[in-house]
Amino acid sequence: MRHTALLATVMCALITALPSSASAADRDCADFSSQASAQAWLQADPRDPDRLDGDHDGIACETLPCPCVGAAAIPRPVTPPPPPPPAPAPATRVLNVEARVISVIDGDTLKVKFANGVRRTVRLIGIDSPETKRPGTPVQCGGRAATARMKRLALRNGKGRRVRLTTDPTQQLAD
């Protein structure tokens, strides 16, 4: 009986010393919090019954976050974000051109027609009025009043006034 108890104790000690892969279900990289913990598991049983070393280089779960161990710490490539696209260059010279207002879109935007017949939407630099026409945006507070005021400035008796458009060389020609 004494030998049975001693044998049971030795068996428990042996089972506890074995990697739990021998007694547990298959493990995969998702079962580990870091590459180092997966590497320790692999080193406990280098036969790799859990297939943690997919490329057979001796390093387990290379996609897991560091801390890393193994043949060498696995360098994680750092890919910087792509640079933002360059902003269009500001105009290099001042342009002056005459046009006629066709309509008022809102408090800071007009439609104009140039002498050659080309029509353009023009936003006025230095004026930022509340939105009234932006799709998906409700009419903002004060937007209708700003549009009404611009109509009084840009239209006379329902007809668009002649205006001189001058660019600002520190700003882009279009936004």
Side-chain angles (χ1 to χ4, degrees), residues 27-40 42 51-175:
R27 308 262 331 234
D28 59 27
C29 292
D31 295 324
F32 301 96
S33 61
S34 69
Q35 188 278 326
S37 60
Q39 187 70 30
L42 174 65
R51 298 172 305 283
L52 299 177
D53 180 11
D55 57 4
H56 310 292
D57 64 354
I59 302 172
C61 302
E62 296 177 63
T63 58
L64 286 177
C66 286
C68 303
V69 294
I74 302 166
R76 302 288 182 220
V78 178
T79 306
T92 56
R93 59 190 174 106
V94 174
L95 302 175
N96 284 298
V97 64
E98 288 192 13
R100 182 166 299 274
V101 174
I102 300 170
S103 64
V104 172
I105 296 177
D106 63 18
D108 59 5
T109 311
L110 306 169
K111 278 218 184 253
V112 298
K113 180 179 178 182
F114 298 102
N116 64 2
V118 173
R119 296 169 184 242
R120 290 279 189 258
T121 300
V122 177
R123 292 198 49 191
L124 305 176
I125 295 174
I127 298 176
D128 185 16
S129 71
E131 297 297 332
T132 61
K133 304 280 186 185
R134 179 176 286 170
T137 302
V139 173
Q140 294 177 336
C141 181
R144 287 191 179 101
T147 301
R149 178 66 178 145
M150 183 56 71
K151 284 181 179 179
R152 285 193 302 275
L153 289 170
L155 305 173
R156 181 176 287 159
N157 299 325
K159 184 177 178 185
R161 290 182 177 232
R162 287 176 44 138
V163 293
R164 175 170 296 279
L165 302 175
T166 304
T167 61
D168 180 339
T170 67
Q171 302 295 311
Q172 302 166 22
L173 287 177
D175 73 340

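Residue numbers count from 1 along this sequence. Basis for what follows: all heavy atoms, side chains included, without hydrogens, waters or symmetry-related copies.
- A distance of 10.0 Å separates CD1 in I59 from CG in L42, rounded to the nearest 0.5 Å.
- The cationic atom of R27 (NZ for Lys, CZ for Arg) lies less than 6.0 Å from the six-membered ring centre of F32 and within 45° of the ring axis.
- Closest approach of L165 and A99 over heavy atoms only: CD1-CB, 4.2 Å.
- Side-chain contact between S34 and L64 is absent, with no heavy atoms from C-beta onward closer than 4.5 Å.
- Interatomic distance, R164 CZ to E98 CD, rounded to the nearest 0.5 Å: 4.5 Å.
- In terms of heavy atoms, A146 sits closest to S129 at CB-CB, 3.8 Å.
- Between I125 atom CD1 and T170 atom OG1 the span is 7.0 Å, to the nearest 0.5 Å.
- Atom CZ of R134 sits about 9.5 Å away from atom OG1 of T109, to the nearest 0.5 Å.
- Among the candidates L155, V104, V101, the single residue satisfying the side chain to side chain contact (heavy atoms under 4.5 Å, CB included) test with M150 is V104.
- Scanning both residues, T166 and V94, for their nearest heavy atoms gives CG2-CG1, 3.6 Å.
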With side chain to side chain contact (heavy atoms under 4.5 Å, CB included) as the criterion, how do D55 and E62 come out once you've worked through the C-alpha distance, each side chain's angles and the decisive distance to 0.1 Å? CA-CA 10 Å; D55 57 4; E62 296 177 63; 2.9 Å; yes
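- A donor and an acceptor atom, one from each side chain of D106 and T147, are nowhere located under 3.5 Å apart.
- Here the closest non-hydrogen pair linking G142 and P130 is C-CG, 3.8 Å.
- Closest non-hydrogen pair, K113 versus I102, comes out as CB-CD1, 3.5 Å.
- To the nearest 0.5 Å, atoms NZ (K133) and CD1 (I105) are separated by 8.0 Å.
- Taking CZ of R123 as the reference point, atom CG of D108 lies at 5.0 Å (rounded to 0.5 Å).
- Take T121 and apply the side chain to side chain donor-acceptor pair (under 3.5 Å) test, not counting sequence neighbours, and it matches K111.
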